[in-house]
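Accompanying notes for the structure given below.
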Amino acid sequence: MTNPFEYAPAPESRAVVDIAPSYGLFIDGEFTEGSGEDRNKTLSPATEEVLAEYVQANEEDVDRAVRAARKAFEKWSALPGAERAKYLFRIARIIQERSRELAVLETLDNGKPIRETRDADLPLVAAHFFYYAGWADKLGHAGFGPEPKPLGVAGQVIPWNFPLLMLAWKVAPALATGNTVVLKPAETTPLSALFFADICRRAGLPKGVVNIVTGDGRTGAALVGHPGIDKVAFTGSTAVGKAIARQVAGTAKRVTLELGGKGANIVFDDAPIDQAVEGIVNGIFFNQGQVCCAGSRLLVQESIEEELLDALKRRLGTLRLGDPLDKNTDIGAINSAEQLARITALARTGEAEGAERWTAPCELPSAGYWFAPTLFTGVTQAHTVARDEIFGPVLSVLTFRTPDEAVAKANNSQYGLSAGIWSEKGSRILAVANKLRAGVVWANTFNKFDPTSPFGGFKESGFGREGGRHGLEAYLDV
């Protein structure tokens, strides 16, 4: 993208990752072929090249994985917490040792910039395993009773936007609390989960404690519906989350759902403009806006709208879009052709409904899936781009005059996952935060995560919490 400075290319080497042409399923501690012949391909979003083939697991494969997890549960749950912690610590250390390799792998398979996988994703992945390793021998002091028990076998379905981090969010607390796991990664990003299987083997994790089945939504439905699953954990779209809720209704299965969002980023007239602009950029353009808690609705106080938007457009003109493996890249590739088509269609809808579109000047690569950072101004709460989750680098800008109006507009959404507040007045931040119906509210920052802090939402953003002490409860019989 247009930049007053010239950058020499600084590509991260692909040589640190050895991707096999084909992968099987990881069941009972071993890689194995699927019972059927169906296989899928995973592509690099930046180049559209085929990275590897993998198994499309069917119901028979899922059943094998669940039975392996059930068999392993008896011994794993009986281990003292301090013994389980040793395995989690080993996993965390191996992740740290292989962090460069895993960061490159994640960028290749997902399309996000290497600086994000290297500096955000991988440190957080290791931190989650370290954190929950520390809880494994302290469960009786977590506030869930003196002797909380694990639930059994956890069926976990994770999305493509943070493949390895979402794995860590789910696997680490499940293992720390004595549960065993059958995990299904997203169909477009299965590789980091398959590499994690090898990490489990290197850590000496007992066979069957972690099992990984790959495939599309059919595999996920088979896993969620399996009678041997005691706990379902899902992160993904609201539509699929509703289908899962219907599927498990009437059963004894415990469920946590972390679904979509349409986060409001509220900027008051006393906010530091430059700091707020950086927070806005991080809130919506981090990972190309493919973040459930993205600050995709900018609510700016009317008196500073022009000043803020001028500064924001100048900042967007300095972002670099291109090769995700280049360490200078700010905006990477959209994860799939399907997702790019959805973003494109919703952006066209915004224009058709009368919102004013501004797109950052940039040259899109000829191969791969790309969408330039885009703003919509003149947006009302009736516009589709202000209501629907776009899950891309598209920001809708609305204005407000009073704090009460800001709160009303922020809460006028079917979602309730995240929000941000920008102001120099602590009292204003606290007063507004207490009125927002959002699971996470950031103050003078955005998209900051920590394994000790719980994360989750209200309304159609799901229910339950992941992370922190609260994240243990979903895997315990309390």
Exercise. For Lys207, does the NZ atom have more than 12 heavy-atom neighbours from other residues, nucleotides or ligands under 6.0 Å away?
Worked result: no
Problem set entry | pair Glu59-Asp63: side-chain heavy atoms closer than 4.5 Å | no
Seminar exercise, completed: Taking every heavy atom of Ser461 against every heavy atom of Tyr415, the minimum-distance pair comes out as OG-CB, 3.4 Å
For this session: Give a yes-or-no answer on whether the side chains of Lys170 and Thr256 include a donor-acceptor pair shorter than 3.5 Å.
Result: no
Exercise. Could you go step by step and tell me if Glu460 and Lys242 meet the salt bridge (charged side-chain N to carboxylate O under 4.0 Å, His left out) rule?
Worked result: CA-CA 9 Å; Glu460 291 191 13; Lys242 289 180 177 179; 3.4 Å; yes
Exercise. Hey, what's the ring geometry for Phe130 with Phe89, parallel, tilted or perpendicular (30° and 60° as the breaks)?
Worked result: tilted
Problem set entry | Shortest non-hydrogen separation from Pro324 to Ala333 and the atoms involved | CG-N, 4.2 Å
Problem set entry | Heavy atoms from other residues, nucleotides or ligands near CZ of Arg437 exceed 12 (cutoff 6.0 Å) | no
Problem set entry | Glu353 atom CD, neighbour heavy-atom count above 12 within 6.0 Å | yes
Exercise. Counting distance only, does the side-chain N/O of Gln301 pair as donor-acceptor with the main-chain N or O of Phe400 below 3.5 Å?
Worked result: no
Problem set entry | Full working for ring-ring contact (aromatic ring centres under 6.0 Å, His included) between Trp169 and Phe455 | CA-CA 10 Å; Trp169 278 26; Phe455 182 87; 5.3 Å; yes
Problem set entry | Worked check of side chain to side chain contact (heavy atoms under 4.5 Å, CB included) between Ile158 and Thr235 | CA-CA 5 Å; Ile158 59 174; Thr235 296; 5.7 Å; no
Exercise. Any side-chain donor paired with an acceptor under 3.5 Å for Ser336 and Thr188?
Worked result: no
Exercise. Between Glu389 and Lys262, does at least one N-O distance fall below 4.0 Å, as a salt bridge requires?
Worked result: no
Exercise. Can you check whether Phe129 and Phe196 have ring centres sitting under 6.0 Å from each other?
Worked result: yes
For this session: For Val240, check side-chain contact (heavy atoms from CB on, under 4.5 Å) against everything at least two apart and list the hits.
Result: Phe234, Ser237, Ile244
Problem set entry | Asp216-Gln56 side chain donor-acceptor pair, cut-off 3.5 Å | yes
For this session: For the pair Tyr369 (side chain) and Ser44 (backbone), establish whether a donor and an acceptor sit closer than 3.5 Å, ignoring hydrogens and angles.
Result: no
For this session: Could you walk me through whether Ser35 and Asn58 pass side-chain hydrogen bond (donor to acceptor under 3.5 Å, both in side chains), step by step?
Result: CA-CA 7 Å; Ser35 56; Asn58 58 26; 2.9 Å; yes
Exercise. Quick one: does Phe31's side chain get under 4.5 Å of Arg201's, heavy atoms only?
Worked result: yes
Seminar exercise, completed: Closest heavy-atom pair, Ala174 versus Val181, reported as atoms and distance to 0.1 Å, is CB-CG2, 3.7 Å
Exercise. Between Asn179 (side chain) and Ala154 (backbone), is there a donor-acceptor pair under 3.5 Å?
Worked result: no
Problem set entry | Rounded distance [0.5 Å steps], CZ in Arg218 versus CG in Leu223 | 15.0 Å
Exercise. Can you tell me how far CD of Glu307 sits from CG of Leu309, rounded to the nearest 0.5 angstrom?
Worked result: 10.5 Å
Exercise. If you measure from CG on Asp330 to CG on Asn282, what distance do you get to the nearest 0.5 Å?
Worked result: 11.0 Å
For this session: Hey, could you give me the CD/OG1 distance between Gln414 and Thr238, rounded to the nearest 0.5 Å?
Result: 7.5 Å
Exercise. Is it the case that Arg39 and Ser22 place a side-chain donor and acceptor less than 3.5 Å from each other?
Worked result: yes
For this session: Start with the C-alpha gap between Asn287 and Asn161, add the side-chain angles, then the distance that decides, and say whether side chain to side chain contact (heavy atoms under 4.5 Å, CB included) holds.
Result: CA-CA 8 Å; Asn287 195 18; Asn161 58 337; 3.8 Å; yes
For this session: For Phe463 and Leu259, run side chain to side chain contact (heavy atoms under 4.5 Å, CB included): C-alpha distance rounded to whole Å, both residues' side-chain angles, the deciding distance at 0.1 Å, then the answer.
Result: CA-CA 8 Å; Phe463 49 82; Leu259 309 176; over 6 Å; no
Exercise. Which heavy atom of Ala419 sits nearest a heavy atom of Leu436, and at what distance?
Worked result: CB-CD1, 3.8 Å
Exercise. Where the side chain of His128 meets the backbone of Leu124, is there a donor-acceptor pair that is under 3.5 Å apart?
Worked result: yes
Problem set entry | Under 3.5 Å donor-acceptor, Lys41 side chain and Tyr54 backbone | no
Exercise. Has the side chain of Glu12 got a donor or acceptor atom that lies under 3.5 Å from a matching backbone atom of Lys327?
Worked result: no
For this session: Output yes when a side-chain donor or acceptor of Asn40 lies under 3.5 Å from a complementary backbone atom of Gly215, and no otherwise.
Result: no
Seminar exercise, completed: Value for CD (Glu30) from CG (Asn211), rounded to nearest 0.5 Å, stands at 11.0 Å
Exercise. Without hydrogens or angle criteria, can the side chains of Ser192 and Asp109 be said to hold a donor-acceptor pair below 3.5 Å?
Worked result: no
Exercise. Quick check: does any side chain N or O of Arg297 sit under 3.5 Å from a backbone N or O of Ala410, one acting as donor and the other as acceptor?
Worked result: yes
Problem set entry | Positive for side-chain hydrogen bond (donor to acceptor under 3.5 Å, both in side chains) with Lys112, one of Asp121, Thr117, Thr107 | Asp121
For this session: Give the intermediate values and the outcome of side-chain hydrogen bond (donor to acceptor under 3.5 Å, both in side chains) for residues Trp442 and Asn265.
Result: CA-CA 9 Å; Trp442 286 289; Asn265 213 352; over 6 Å; no
Exercise. Does any donor atom in the side chain of Thr359 or Thr374 lie under 3.5 Å from an acceptor atom in the other side chain?
Worked result: yes
For this session: Could I get the full list of salt bridge (Lys or Arg N to Asp or Glu O under 4.0 Å) partners for Arg14, not counting sequence neighbours?
Result: Glu49
Problem set entry | Thr219 and Thr214, any side-chain heavy atoms less than 4.5 Å apart | no
Exercise. So, Arg98 and Glu101, do they make that salt bridge, N to O below 4.0 Å?
Worked result: yes
Exercise. At their closest point, which heavy atom of Lys253 faces which heavy atom of Val224, and how far apart are they?
Worked result: NZ-O, 2.5 Å
For this session: Measure the acute angle between the ring planes of Tyr23 and Phe195, then classify it against the limits of 30° and 60° as parallel, tilted or perpendicular.
Result: tilted
Exercise. With a 4.5 Å heavy-atom cut-off, do Leu321 and Pro373 have their side chains touching?
Worked result: yes
For this session: Apply side-chain contact (heavy atoms from CB on, under 4.5 Å) to Pro113 and list each qualifying residue two or more places apart in sequence or on a separate chain.
Result: Arg115, Glu116, Gln288, Thr329
Exercise. Under the 3.5 angstrom rule, does the side chain of Ser418 hit a backbone N or O of Cys293 as a donor-acceptor pair?
Worked result: yes
For this session: Would you check if Pro185 and Pro163 make a side-chain contact, meaning some heavy-atom pair closer than 4.5 Å?
Result: no
Problem set entry | Residue pair Arg202, Asp198: steps toward the salt bridge (charged side-chain N to carboxylate O under 4.0 Å, His left out) verdict | CA-CA 6 Å; Arg202 294 193 181 195; Asp198 182 61; 3.0 Å; yes
Problem set entry | Whether Asp323 side chain and Leu325 backbone form a donor-acceptor pair below 3.5 Å | yes
Problem set entry | Spatial distance of atom CZ (Arg64) from atom CG (Asp28) [nearest 0.5 Å] | 10.0 Å
Exercise. How far apart are the closest heavy atoms of Phe376 and Ala347, and which atoms are they?
Worked result: CZ-O, 3.2 Å
